Each structure stands twice: as C-alpha cells, then as structure tokens.
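Just so you know, residue 1 is the first one in the sequence shown, and it goes up from there. Computed from a predicted model, the values in this text were never measured in an experiment.
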Amino acid sequence: MAEYEKKVREQLSRNGCRFIRRGKGDHDIWYSPITNRNFAVDSRIKSRHTANAIMKESGIKFHF
C-alpha cells in the first residue's frame, strides 16, 4: 500500500491550509480557508479513499 500522508500534507499546504494543533491519538487538526473549518488529518494515511476524503473535507478539488 502507498503512503499518502506526505502527499496529503503537501496538497493542503499548497492550497493555503495550515496546521493548528495536535489532536487525539495520531491525528492533527488543520484549518482550511476554503471551507473556513477545522478538520482532522491522520498521521498514517494508507488508503487512497481516506486521502480523498480529507481533500473533500478541506474543500480542495484534488483526487489521488
């Protein structure tokens, strides 16, 4: 399985999203200026579907 964590974080940063704080467990909380909301990003993203769900939640029109 591919590791999507680094690719997801790069896309988030390129689109203006920013890291807010550490969340519970192995999750981080990020902020999206597109949706004006906070959302969780897992530190171990192994599924393309999970990576795409994070992109959708952040409002970014990008798919893996």
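- Note that CZ of Arg21 is 12.0 Å distant from NE2 of His27, once rounded to the nearest 0.5 Å.
- Put simply, the side chain of Phe64 reaches to within 4.5 Å of the side chain of Val8, judged on heavy atoms.
- Under the 4.5 Å side-chain heavy-atom criterion for grouping Ile, Leu, Val, Met, Phe, Trp and Tyr, Ile29 is not connected to Ile54 through any hydrophobic cluster.
- Inter-residue side-chain proximity for Asn52 and Arg48 is flagged as met; some heavy-atom pair is nearer than 4.5 Å.
- Across every non-hydrogen atom of Ser32 and Ser58, the tightest pair is OG-O, 2.6 Å.
- Rounding to the nearest 0.5 Å gives a distance of 12.5 Å between CD of Glu57 and CD1 of Ile34.
- The shortest side-chain heavy-atom distance between Leu12 and Met55 falls under the 4.5 Å cut-off.
- Here the closest heavy-atom approach between residue Ile45 and residue Asp42 is recorded as CG1-O, 3.4 Å.
- Annotation: Arg22, atom CZ; neighbour count of heavy atoms from other residues, nucleotides and ligands within 6.0 Å is above 12.
- With contacts defined as side-chain heavy-atom distances shorter than 4.5 Å, the pair Tyr4/Thr50 does not qualify.
- A distance of 11.0 Å separates CD1 in Ile60 from NE2 in His63, rounded to the nearest 0.5 Å.
- The main-chain N or O of Gly59 is never found under 3.5 Å from a side-chain atom of Thr35 such that the two would form a donor-acceptor pair.
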